[in-house]
Number of protein chains: 2
Amino acid sequence: MTSTLKDTNNIVRAYVSGSCTPQAKSGGWGIVLIRTGKRLEKQGSVAHTTSNQMALTAAINALEIIKKNNSDKQIIVTTVSKYVVDGITQHIKSWKLNEWKNSNKKPVLNKDLWIQLDELNQSMDVNWLRGDKTQEELVKSESLARDARAIKKH
Amino acid sequence: MTSTLKDTNNIVRAYVSGSCTPQAKSGGWGIVLIRTGKRLEKQGSVAHTTSNQMALTAAINALEIIKKNNSDKQIIVTTVSKYVVDGITQHIKSWKLNEWKNSNKKPVLNKDLWIQLDELNQSMDVNWLRGDKTQEELVKSESLARDARAIKKH
RNA sequence: UGACACCAAUUGUC
DNA sequence: GACAATTGGTGTCA
């Protein structure tokens, strides 16, 4: 049979979330990676950050892990963050053309993170999905991110 | 003796509470009015409402009764609802300036009730107090509100 | 002006 | 512990 869908064994799914307490500027990220029944969870914390930066960082960490292991696979990254999905799939094209100025002609924020994410994105077969908050894996990635806020790095 | 406190005889105290069963959307409000030993209790029920609407309605009913009888008195309204106290003493100023949008840029809910309450509030000498759940009169107003839920209007 | 995410607080009900 | 009503704030984009 011909099909545009690839073999499920060849798909890696990443569910990524960020979290941040604005007052304390204490952030965390969480990811859930799934391939053919195998599941990997990971989390991390960052000080002096924002919720948007954590969402970007979660995606970057997921893609970095995948790149080290399964760079030939098709990847589906799911996140609830419209900021990340729209940014990496649409806005980044304009930003590159307009010297990283946004529609108000102000500098695009978090440029360094966007560039990291873009390089990973272009080096592999990555598909971006806006997820539903009720999805089990997204809920899990969110709680990993939230828990990570309090975890001290060592 | 000089004192900033007015003659107790000139103070009307109102204790107001709301209550609502979300499933049945059946709400009730209860008020206890006290002036120089005289005490008035009143309650009412409303269908298809919310707990916040009932808290507002309780305050509105109390002030309306007072206005009809003792509009020259100093009034102290006590409620356990931070929603009501903060709204009428602080947030409503911003709402008027921002065309009734809240800090999330969403329309302020229960606008009609807030306007009713604001008009009563401005037409008399009203002071707002956040009450402690254990105060006897507040406990009474709460039970009036809860009882009223089941009462059929006639 | 709109959208999305994140955080926090209070009340009420079960 | 879970849901509904509501509010305040910050980070970001178009």
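Naming: A, B, ... by sequence-line order, numbering from 1 per chain.
Here A:Val85 lies out of heavy-atom contact (under 4.0 Å) with every strand. A:Lys106 comes within contact range of no nucleotide atom at all, as no heavy-atom separation falls under 4.0 Å. Among the heavy atoms of the strands, none lies under 4.0 Å from A:Val84. Backbone-only contact: A:Gly18 has heavy atoms under 4.0 Å from sugar-phosphate atoms and none from a base.
The B:His91 side chain lies nearest to D:dT7 when the options are C:rG12, D:dT7, C:rC7. Listed nucleotides C:rC7, C:rU10, C:rC6 differ in distance to B:Arg130; the shortest reach to its side chain belongs to C:rU10. Taking every side-chain heavy atom of B:Gln23 into account, C:rC14 is the closest of C:rC6, C:rG12, C:rC14. Side-chain atoms of A:Arg146 lie closest to C:rC7 of the nucleotides C:rC7, D:dT12, C:rG12. Among the nucleotides D:dG9, C:rC6, C:rA9, the one closest to any side-chain atom of B:Asn104 is D:dG9. For B:Thr50, counting side-chain heavy atoms from C-beta on, the closest listed nucleotide (D:dT6, C:rC6, D:dT7) is D:dT6.
Residues A:Met124 and A:Leu63 are in side-chain contact: their nearest non-hydrogen atoms beyond the backbone lie under 4.5 Å apart. In this structure the side chain of B:Trp100 reaches within 4.5 angstrom of the side chain of B:Ile115, judged on heavy atoms.
Projected onto RNA chain C by closest heavy-atom contact, B:Thr21 and B:Lys82 fall at different nucleotides, the more 5' of which corresponds to B:Lys82. Nearest-nucleotide positions on DNA chain D place A:Lys25 closer to the 5' end than the other of A:Lys25 and A:Ser103.
Atom-to-atom, NZ of A:Lys93 to C1' of D:dA14 comes out at 15 Å; the value is rounded to the nearest Å. Put simply, CD on A:Gln53 is 16 Å from P on D:dT10, counting in whole angstrom units. In this structure, B:Tyr83 atom OH and C:rG12 atom P are separated by 14 Å, rounded to whole Å. One interatomic measurement links the two molecules: NZ of B:Lys105 to P of D:dT12, which rounds to 13 Å at whole-angstrom precision. As rounded to whole Å, 15 Å separates atom P of D:dA4 from atom CG of B:Leu109. Atom CH2 of B:Trp95 is separated from atom P of D:dT6 by 11 Å (rounded to the nearest Å). At whole-Å resolution of the value, CZ in A:Arg149 and C1' in C:rC7 are 7 Å apart. Nucleotide C:rC4 holds its P atom 11 Å from the CG atom of A:Asp86, rounded to whole Å.
Applying the 4.0 Å criterion to OP1 and OP2 of D:dT12, one finds that A:Asn110 has a side-chain N or O inside that range. Neither OP1 nor OP2 of C:rA5 sits under 4.0 Å from any side-chain N or O of A:Asn52. Side-chain nitrogen and oxygen atoms of A:Thr79 include none within less than 4.0 Å of the OP1 or OP2 phosphate oxygen of C:rA5.
At distances below 3.5 Å, not a single donor-acceptor pair connects side-chain atoms of B:Asn104 with backbone N or O atoms of B:Lys106.
In plain terms, the two heavy atoms of A:Lys101 and A:Val108 that are nearest each other are C-CG2, 3.8 Å.
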- Message: I'd like to know whether B:Val46 forms a side-chain contact (heavy atoms from CB on, under 4.5 Å) with B:Gln53, so could you lay out the CA-CA distance, the side-chain angles of the two residues, the decisive distance to 0.1 Å, and finally the verdict.
- Response: CA-CA 10 Å; B:Val46 178; B:Gln53 286 171 11; over 6 Å; no
- Query: Passes salt bridge (Lys or Arg N to Asp or Glu O under 4.0 Å), A:Glu142 versus A:Arg146? Steps please.
  - Reply: CA-CA 6 Å; A:Glu142 275 178 41; A:Arg146 203 167 314 170; 3.6 Å; yes
